[in-house]
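Only this structure's heavy atoms are used, side chains among them; waters, hydrogens and symmetry mates stay out.
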Amino acid sequence: MAKNIYFAADKPEVTVKYLDEKAKDWFTGVSDSSYLSKIERSWRAYYGDYYGSGDNSHGISFGGESGELVNLAVNHYRNLARHIHTMVTGSRPAFQCRAINTDKKSLIQAKLGNGLLDYYMREMRLEEVLKDAVQYAIVLGSGYIKLEWNSTRGKIYDYVEPDPSSITGEDDDGNPVDSDGNIVKPFPIYEGDIGFSLVSPYDVIFDSTKDYYDKNDWVVCRSKINKYDLAAKYPELTDEILNIDTVDKEQKSKGSRAYSKLNETTDVFVKEFYHKRTESMPNGKYMLYVNEEIILEDTVLPYRSLPIYRITPSSIMGTPYGYTDMFDLLPLQEMLNSLFSTAATNGNDFGVQNLLVPRSSGLEPESFGGGMN
């Protein structure tokens, strides 16, 4: 990227390459600062995985040089987090549309808006997504919701006829085909609808040099999508899309998990880049891409603001990172586990007692009968 050109205003492949480098730097930064380790420890504690093996998370295991130590976890951490989550989400979000004007049309629109809000909260499960985002915030420090317009949802209400210049002939059945022999069909136009999804802190990249998350000019969001659905939506890139490594293969190549039949999937990672409207980017920018070779969309920002919304208990001052009070309970929970493990070890090793008496004591075995002697 030339130094006198803003990265978002440069060529699409240059922008993607820059964002991939920023993503690497972002993960390096959160790893070096131990922030990534902190949220991973909190996640493991929330699910009772204190001794490094998911198989022993909800049972007694043994450690030490020869298995002489009892590892016992008493998971108050999750219990406290669930109580906080229940208190926060116990009351439904009180969204309500209000008319700015008092004319009849505005009042009717406000009533319609309230009906739509109730529909999306109940029928489209927005309330459940909000609750899950709160859970992410309590345990991991931050939760994110992506709110977007999905142009391929709903019913088909019209078709756009193909460009006649793209038709070069007909197949044996009389269907119009292009120069590659593919059948040229009318393009369907859908009603479209709002889409929202939960995004974890592991799948959001932003400028970590900002003091607050809200000050970011851009954000990158990673999500999973069935590659066959993606190929159907972008037929001109079908071959490239179907050759993309699926999520399980990509993670296997990075050594992050052992391969098994249970991990096989047809999902692939796609990334979305949103840049708000600024002086250098008056129209904003939106990009959907897999890598610098496969860029699916490159256009202006179709929203008024960045559609990635964060929820967090608080922010770490001077940084855009979220902070949760559950982080403060981690060492207390670990000490509690250590104390319970110590008591369990003593009980396990010395709970079954042996009696030692000298031969000259004059005691007979019958003296110990009857108990409490």
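- The aromatic ring centres of Phe340 and His76 sit 6.0 Å or more apart.
- In this structure, Arg222 pairs ionically with Asp203, as a charged nitrogen and a carboxylate oxygen lie closer than 4.0 Å.
- Judged purely by distance below 3.5 Å, without hydrogens or angles, the side chains of His58 and Tyr47 never pair a donor atom with an acceptor atom.
- Under the 3.5 Å distance criterion, with hydrogens and angles disregarded, no donor-acceptor pair is assigned to the side chains of Tyr274 and Asp217.
- Contact check for Phe273 versus Trp218: side-chain heavy atoms found under the 4.5 Å cut-off.
- A salt bridge does not link Lys215 with Asp207: every distance from a Lys NZ or Arg NE/NH1/NH2 to an Asp or Glu carboxylate oxygen is 4.0 Å or more.
- No hydrogens or angles considered: a donor-acceptor pair under 3.5 Å links the side chains of Tyr50 and Asn75.
- Looking only at side-chain heavy atoms (C-beta outward), Lys22 and Phe7 stay at 4.5 Å or farther from each other.
- Side-chain atoms of Tyr234 and Asp229 include no donor-acceptor pair closer than 3.5 Å.
- Inspection of the Tyr286 and Glu297 side chains reveals no N or O donor paired with an N or O acceptor under 3.5 Å.
- Side-chain contact annotation: Ser34 with Arg41, donor-acceptor N/O pair under 3.5 Å absent.
- Using a 4.0 Å cut-off between charged nitrogen and carboxylate oxygen, Arg92 and Glu127 count as a salt-bridge pair.
- Here the shortest heavy-atom pairing between Leu296 and Ile241 reads CD2-CD1, 4.1 Å.
- Side-chain N/O atoms of Asp248 and Thr265 include no donor and acceptor closer than 3.5 Å.
- A cation-pi arrangement is present between Lys38 and Phe327 under the rule of less than 6.0 angstrom and at most 45 degrees off the ring axis.
- By the 4.5 Å heavy-atom criterion applied to side chains, Phe206 and Tyr213 are counted as neighbours.
- In this model, a donor atom of one side chain and an acceptor atom of the other lie less than 3.5 Å apart for Tyr77 and Ser42.
- Between the side chains of Asn348 and Thr345, no donor-acceptor pair is found at a separation under 3.5 Å.
- A donor-acceptor contact under 3.5 angstrom links the side chains of Tyr51 and Ser341, judged on distance only.
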